[in-house]
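Below is one structure, written out as C-alpha cells, with a few remarks after it.
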2 protein chains.
Amino acid sequence: MRKNEDRRRALVDAAVDVLATEGARGLTFRAVDTAAGVPAGTASNYFPSRDELLSQVGAHIHVRLAPDPTVVARTLAAPRDRAAVARFMHDILDRVTADRAGYLALLELRLEATRRPDLHRTFTATMRAQLDDSVAFHVDSGLPGDRRTVELLYIAMTGLIVESLTLPEILGDTRALIDDLVDQVVPLVAGPR
Amino acid sequence: MRKNEDRRRALVDAAVDVLATEGARGLTFRAVDTAAGVPAGTASNYFPSRDELLSQVGAHIHVRLAPDPTVVARTLAAPRDRAAVARFMHDILDRVTADRAGYLALLELRLEATRRPDLHRTFTATMRAQLDDSVAFHVDSGLPGDRRTVELLYIAMTGLIVESLTLPEILGDTRALIDDLVDQVVPLVAGPR
DNA sequence: TCCAAATCACTACGTCTGGAGTACTTTAGA
DNA sequence: TCTAAAGTACTCCAGACGTAGTGATTTGGA
C-alpha cells in the first residue's frame, strides 16, 4: 500500500469526478486511474478495496463542499436579518453550480449509503453534526428564526439542489424562488415564535 | 424479442426493485431475471439493451407512484383549507414509506438522467407536466395558494423525500415538520397573495 | 560527499469473474 | 399438429483486478 498523501488525495478527488460523471456504476479503480491521469493499477495500490475508496470519498467530500469562510464573514458584517439568510441560501446554490460534480457525488453517496451500513453511519453522523452546526450558527449569530426555521430551509434547499442538479429545466428562476422561500419561512425578527 | 406484456411489466417492476436494492451498478439483465423469478436470459429476450430497459422503467415508474384517487376524492370532499393541503403532503410521505423501492428507483433514475440525454428529456417532460398538473389541481380546486405556493411545497417535499429515504435519522418528527411547512408556506385563504 | 536501502512510479501481464447472448429443448395453447 | 413462448445450458468476451518486475528518486547514515 503506497503512502503518498498528495496522490491519495488526488485519487479521491478523481473518484468524486468519476462518481459524478459516470455514476456509482462507473466507479472502478481503472476509471479513477484514468481520471486522475495516473498509470493503471495505481488506485489498486492505494486502496485495498472499492469500499474503502468509497469511504474515503465520503469522508473528504464534506471538506470539499464546506462553505467559504470569507462569505460567512462578509454576511455577518451586515445586519442579521432576512436578507442575510437569503444571501446564505444563494451562496449555497452558487456553490452547487460551481462544484456540480461534488454535489452530484454527494447524491450518489447518499444512495450508496442506503446499501452500506458503515457509510450510512458515517454519513448520518456528519450530516446531523452539520445540521446542528447550522442551527447553532443561525441562532447564536442572531439571525431571525429558530431550529425549525433552519430545518425547513434545510429540506427546501436539499430539494432545490436535487432538482437543479438533475432536472434544472423544471423550475424557473431559482433565485426568486429562494427569496420567496426565505420570506415565507424566516420570521421578520429574531427570537422564539 | 418476446411479446408477453404481462411478463414485460413484471420484468420492469423487478428492475425497479433491483434499482432500489442494488443501485444502478447492480442493474443487469441477470439481476432482473433473478428478481423477477424467471430463468436467466429472459430479460435479454425482452429488451434489446440495458438502456432500453432503463427507459421503460422511467416510463412506468410514474404510473406506479401515482397518487391514490380515493385519497384525492376524500380530501376534496372536505373543506379546501390548509389542513387539506397538509393531508395531501402527509399522503405523499406515506406513499414514500409504502413504496420505498419505487421512490429510491426514481432517485436512481434522476441520476441516470444526468448521463442519458433521452432519459433526461423524457423525465423533464414528465416532471414538468406533473408539476403543472399539481398547480392546476391546486388552484382549480380552490386550495389556498398560487403556483409559487405549490412550487415551494414541491421543492420542500422533494428534499424531505430524499432525506427520509437516505438519512432518515437526521430529521425528527417529519409529520410535525410537514405541518409547520404548510403553516408557513400556504396562506390561510385562497386567492392571489 | 557517497553509498545503500527503501520507497514509489510505472509497465505489462495473467487471471478471473460475471454478464451477454443464443442455440436448443420443452411446454402449452389453438 | 403447429406455433410461440418458456425454460435450459452453453460459449464467448470484455473489463477489471492485482501484482511482479523494473527503473527512478529520495532518505539516512557514515
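As the structure is a prediction and not an experimental result, all values here were calculated from the model. Below, chain A is the first sequence line, B the second, and so on; all start at residue 1.
The only member of A/M127, A/H120, A/E112, A/R110 that meets side chain to side chain contact (heavy atoms under 4.5 Å, CB included) when paired with B/T166 is A/R110.
Rounding to whole angstrom units, CZ of residue A/R8 and P of C/dC8 are separated by 10 Å. In this structure, CG of B/N4 is placed 10 Å from C1' of D/dA6, rounded to the nearest angstrom. Atom P of nucleotide C/dG18 and atom CZ of B/R50 are separated by 17 Å, given to the nearest angstrom. Across the protein-nucleic acid pair, A/D6 atom CG and D/dT26 atom P stand 14 Å apart, rounded to whole Å. Atom pair B/L27:CG and C/dG18:C1' shows a separation of 15 Å (rounding to whole Å applied). Rounded to an integer number of Å, the gap from CG of B/D33 to P of C/dG18 is 16 Å. The CG-C1' distance, from A/D51 to D/dC17, rounds to 15 Å in whole Å. Following rounding to the nearest Å, A/R7 (CZ) and D/dT25 (P) show an atom-to-atom distance of 14 Å.
Considering only side-chain atoms of A/R2, the nucleotide from C/dC10, D/dG7, C/dT22 that sits closest is C/dC10. Closest to the side chain of B/K3, from the set D/dA5, D/dT8, D/dT19, is D/dA5.
B/P144 and B/V85 get closest at one heavy-atom pair: CD-CG2, 4.3 Å. The shortest non-hydrogen separation linking B/P39 to B/D33 is O-CG, 3.7 Å.
A continuous path of ILVMFWY side-chain contacts below 4.5 Å connects B/F137 to B/L65, so both sit in one hydrophobic cluster.
Between B/S44 and C/dG21 there is a side-chain polar atom (N or O) within less than 4.0 angstrom of OP1 or OP2. The side chain of A/Y46 contributes an N or O atom lying less than 4.0 Å from OP1 or OP2 of C/dA9.
Ring centers of A/Y46 and A/F29: at least 6.0 Å apart, outside the cut-off.
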Distances under 3.5 Å only, N/O to N/O: pair up the protein atoms with those of nucleotides 13-16 of chain D.
none

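Nearest-nucleotide positions on DNA chain D for B/M1 and B/T42 put B/M1 closer to the 5' end.
At least one donor-acceptor pair under 3.5 Å links the side chain of B/R100 to the backbone N or O of B/L165.
Figure legend: B/R128 and B/F123 shown without cation-pi pairing, the cationic atom not lying both under 6.0 angstrom from the six-membered ring centre and within 45 degrees of its axis.
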